[in-house]
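Below: one structure, written as structure tokens.
Order of the sequence lines sets the chain letters (A, B, ...), proteins ahead of strands, with each chain counted from 1. Quick note: numbers below take in every heavy atom, side chains included, and nothing from hydrogens, waters or symmetry partners. Note that this is a predicted model, so its numbers are computed, not measured.
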Amino acid sequence: MSTEILLQQCLIGLANGALVALVALGYTMVYGIVRLINFAHGDLVMLGACLALSLVEFTGLTAAGPVTTWIGIAGLVLACGLCCGSLNVLVDRVVYRPLRGAPKLAPLVSAIGVSFIFMNVGLFWIGPADRSFPPLVPATNLLAGDRLQFTARDLLVVAIVVPLMVALTVLVRATPLGRAMRAVAQDPVAATLMGVDVERVIAATFFLGGFLGGAASVVHGLTITTIGFQMGFLNGLYAFTAAVLGGIGSVPGAVVGGLVIGLVRALSSLLVGERWTGAVVFGILIVILVFRPEGLLGRRTVDKV
Amino acid sequence: MSERDAVRPVRGRRPGPLWSRTRRWLRRHWDLAALVLLAVAPAVVPALGGALGGQVTIVFISCILALGLNVMVGSTGLVHLGIAAFFGIGAFCHAILTVPTEPFRWSFLPAAALSVVVTAGVGLALGAPTLRLRGDYLAIVTLGFGEVVKVSLRNLEQVTGGMKGLNPVPPPAAGLRLGGVDLGMQFAVDPRWFYALALVTLAVVVVALRRLERSRLGRAWMAVREDELAAAATGISASRVKLSAFALSSALAGLAGCLYAACLSTTADPNAYDFNRSVMVLCAVILGGLGSIPGTLVGVALLVGFDTVLAPWADAAIQQSGINPGGSMLLSFSGWRLALFGFVLVLVMRLKPAGLMPSRRMAAELREARA
């Protein structure tokens with residue numbers, strides 16, 4: 001096996017991993033604040049992809065010139081992000097918020113219920129069969145020579161994912177809202193006593209997670225180019241695995257976890273075959289958790305009596 | 001008799017002594033009554049000899065699976081998202097031991113026994129290294145294990161038959177022999193024997209789990225669930241207690257898997273043992289009431305019954321009525337299945353966060369937390 005093939009798979013893996021990381025952030029942020037595994041997040045991304053498809057068909061973006069296309073894609077990211085974010089906040093307000101004091105597993109089951117409802121909406125929206133997403137960005141190689149492929153689509157992933165992550169990091173590290181989020185994640189009661197409006201912080205977290213999910217849905221449509229009403233499950237599963245792998249609740253952890261998952265998937269499909277990818281990814285997850293139960297970048301917590 | 005009839009008050013709704021006595025008996029022994037009712041049903045309802053009987057049998061088997069999960073999630077408080085993997089291991093193990101195309105060709109009972117032992121062993125092997133993981137991390141490990149098992153079942157074609165699965169799994173041939181006596185159960189001829197087999201197994205499992213609940217081990221499970229550190233301080237070996245829950249839960253799932261393969265006479269394709277089934281069973285346990293055996297049974301009857309009995313029936317009814325000539329999804333029952341399911345889960349959790357029939361202890365805890 002030549003170095004080029006290996007390098008090529010790494011490139012593909014990193015591009016896919018960036019997408020996984022974007023979805024993983026939605027899981028990890030919500031978990032960090034309310035300790036809820038938001039099972040509906042993958043299906044939220046699926047709904048975002050449905051919306052993106054409908055918007056593209058409605059606006060006739062496929063026929064537009066290159067400049068309009070890139071502006072249109074930015075608009076899609078914004079529109080899907082806002083819609084998914086708002087939907088996420090709405091679901092939190094209606095479904096999860098009344099369950100804040102309930103037994104730990106009640107919100108989890110509710111989240112599974114919400115994911116079923118989303119799936120049904122997606123089924124009615126785009127039908128039971130997989131749909132192909134119009135290829136707005138061509139898969140042309142941007143590198144000189146044909147030994148390594150780095151396509152315009154890969155560039156698109158980077159162009160959307162990196163700014164979003166930088167913005168998120170700035171928001172969490174350097175704004176009052178970010179400080180409030182970190183405070184609530186650490187200790188909600190103490191945060192309340194310091195005057196933080198916990199419910200507002202939770203709503204903001206759900207919005208941010210949903211926004212990133214919506215952006216991810218556009219990236220997914222443009223790079224993977226097929227969407228279906230059942231796509232949320234597997235994507236959600238990988239993203240969630242990435243979040244846990246990096247240490248759930250940790251924002252940089254989700255990014256690292258996503259990239260690791262992308263790389264592992266790409267390399268294992270090269271080395272042991274596509275059909276074993278799932279087993280390899282989850283096998284590695286189990287091994288890592290056995291030896292480092294708090295994830296790669298997670299903080300070790302001590303049980304309290 | 002006539003005298004007693006004469007004494008009965010003319011007005012007023014006070015039920016007679018016979019009725020009130022029956023009611024009291026029913027309240028105390030509702031489980032026995034339900035068992036008798038279900039046992040007599042196939043003799044009275046002819047539909048149970050056909051497709052409906054098979055569907056109800058699947059519900060019984062799912063009950064066994066859910067009771068196994070309840071040992072881990074409900075009694076011991078370990079979240080498990082991969083129970084379907086053990087269900088699948090049980091089914092495939094049983095099939096490998098019995099199917100005529102494989103070299104073993106064991107009969108039903110020894111094959112089932114070995115499969116249960118194997119699944120318990122796999123449960124121990126997964127449980128031992130992952131014991132120190134806290135709540136949600138354990139959930140992820142079990143979820144990941146479920147995916148690994150599914151992918152392996154799908155890809156190890158020489159052993160598992162790949163996507164086709166293994167068939168035909170022979171029925172418990174020529175009847176189960178009990179102490180050399182042929183019970184004359186013709187499984188191949190009358191599918192109602194499967195109904196009976198599943199029902200009897202379920203009843204035995206329920207009785208055993210009830211006794212276990214009040215045993216030293218059952219109390220230890222609950223102690224670990226409530227507070228692991230405090231339990232350890234009172235001399236309970238938390239890891240041993242958790243491992244036993246892991247093993248028992250896996251064994252019951254394996255047992256359910258054996259019955260499943262035998263009833264369907266095939267293992268079906270590995271996708272029958274995916275995350276969806278795990279989630280469905282987990283939802284049933286939580287919906288019914290964590291840690292409560294009757295709750296678990298009710299939860300399964302609702303969710304699995306909805307899926308395997310009600311949905312096909314409603315679809316057929318709609319098709320026959322001619323409301324939906326174009327075959328539109330919006331007008332079919334299964335088109336709305338997921339949403340209905342989702343709304344039920346969300347609503348029940350909203351109205352009864354501890355489940356429909358919570359165990360007394362859980363209900364008391366919730367009241368305490370609210371106060």
Side-chain angles (χ1 to χ4, degrees), chain A residues 31 35 37 39-40 94-95 98-99 101-124 127-128 229 233-234 237 240-241 243-245 248 273 275-287 289-291 293-295 298 301 303-305, chain B residues 73 77 79 126 129-130 132-141 143-152 154-155 227-230 233 275-276 279 282-283 285-287 290 329-330 335-350 352-355 358 362 365-366 369-370:
Chain A
Y31 186 90
R35 309 274 158 219
I37 302 179
F39 264 104
V94 176
V95 180
L99 295 176
K104 227 187 82 200
L105 288 174
L108 182 80
V109 172
S110 296
I112 294 173
V114 172
S115 113
F116 282 139
I117 297 173
F118 280 179
M119 262 168 83
N120 215 146
V121 172
L123 174 69
F124 285 147
F229 82 99
F233 166 65
L234 204 63
L237 203 59
F240 181 48
T241 310
V244 177
L245 201 62
I248 194 156
R275 54 188 202 156
W276 284 101
T277 326
V280 172
V281 169
F282 290 106
I284 288 177
L285 173 81
I286 294 176
V287 170
L289 282 188
V290 166
F291 289 106
E294 63 281 357
T301 53
D303 280 342
K304 286 177 235 165
V305 182
Chain B
V73 185
V79 185
L126 176 68
T130 53
R132 64 193 187 115
L133 293 181
R134 283 177 306 118
D136 294 318
Y137 288 93
L138 182 68
I140 300 316
V141 164
L143 190 160
F145 181 75
E147 287 299 303
V148 171
V149 167
K150 189 186 79 180
V151 173
S152 308
R154 208 188 283 165
N155 290 337
D227 192 328
E228 199 174 322
L229 282 179
F275 181 68
N276 272 331
V279 160
L282 183 68
C283 285
V285 170
I286 298 174
L287 198 73
L290 271 179
M329 215 164 31
L330 279 167
W336 289 91
R337 182 186 145 251
L338 283 170
L340 255 174
F341 217 83
F343 277 117
V344 167
L345 293 184
V346 169
L347 275 182
V348 171
M349 285 298 111
R350 175 75 190 266
K352 303 196 75 139
M362 285 281 189
E365 262 168 44
L366 196 66
R370 285 243 175 96

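A:Val280 does not touch chain B: none of its heavy atoms, backbone or side chain, sits under 4.5 Å away. In this structure, chain B has a heavy atom under 4.5 Å from the side chain of A:Phe233, while its backbone stays farther away. Both the backbone and the side chain of A:Ile248 have a heavy atom closer than 4.5 Å to some heavy atom of chain B. When heavy atoms are compared at a cutoff of 4.5 Å, A:Ile37 approaches chain B solely by way of its side chain, counted from C-beta outward.
Between B:Pro353 and A:Ala102, the shortest heavy-atom distance links the atoms CB-CB, 3.7 Å. When all heavy atoms of B:Arg350 and A:Val94 are compared, the pair lying nearest together is NH1-O, 3.5 Å. The shortest heavy-atom contact between A:Ile286 and B:Phe145 is CD1-N, 3.7 Å. Nearest heavy atom pair, residue B:Val151 against residue A:Arg275, reads CG1-O, 3.3 Å. Nearest heavy-atom pair across A:Leu108 and B:Leu282 is CD2-CD2, 4.4 Å. Listed here is the closest heavy atom pair of A:Pro293 and B:Leu133: CB-CD2, 3.3 Å.
In terms of non-hydrogen atom pairs under 4.5 Å with chain A, the most contact-rich of B:Leu338, B:Val344, B:Leu126 is B:Leu338. Between chain A and the options B:Thr130, B:Val348, B:Leu143, the largest number of non-hydrogen pairs under 4.5 Å is found for B:Leu143.
Atom CZ of A:Phe124 is surrounded by more than 12 heavy atoms from other residues, nucleotides or ligands within 6.0 Å.
How far CG of B:Leu345 is from CD1 of A:Ile117: 8.5 Å, rounded to the nearest 0.5 Å. For the atom pair CG (A:Leu234) and CD (B:Glu147), the distance works out to 7.0 Å, reported to the nearest 0.5 Å.
A:Phe116 is linked by a ring-ring contact (aromatic ring centres under 6.0 Å, His included) to B:Phe341, counting only residues two or more places apart in sequence or in another chain. For A:Leu123, the side chain to side chain contact (heavy atoms under 4.5 Å, CB included) partners at least two apart in sequence or on another chain are A:Asn120, A:Pro128, A:Phe229, B:Met329.
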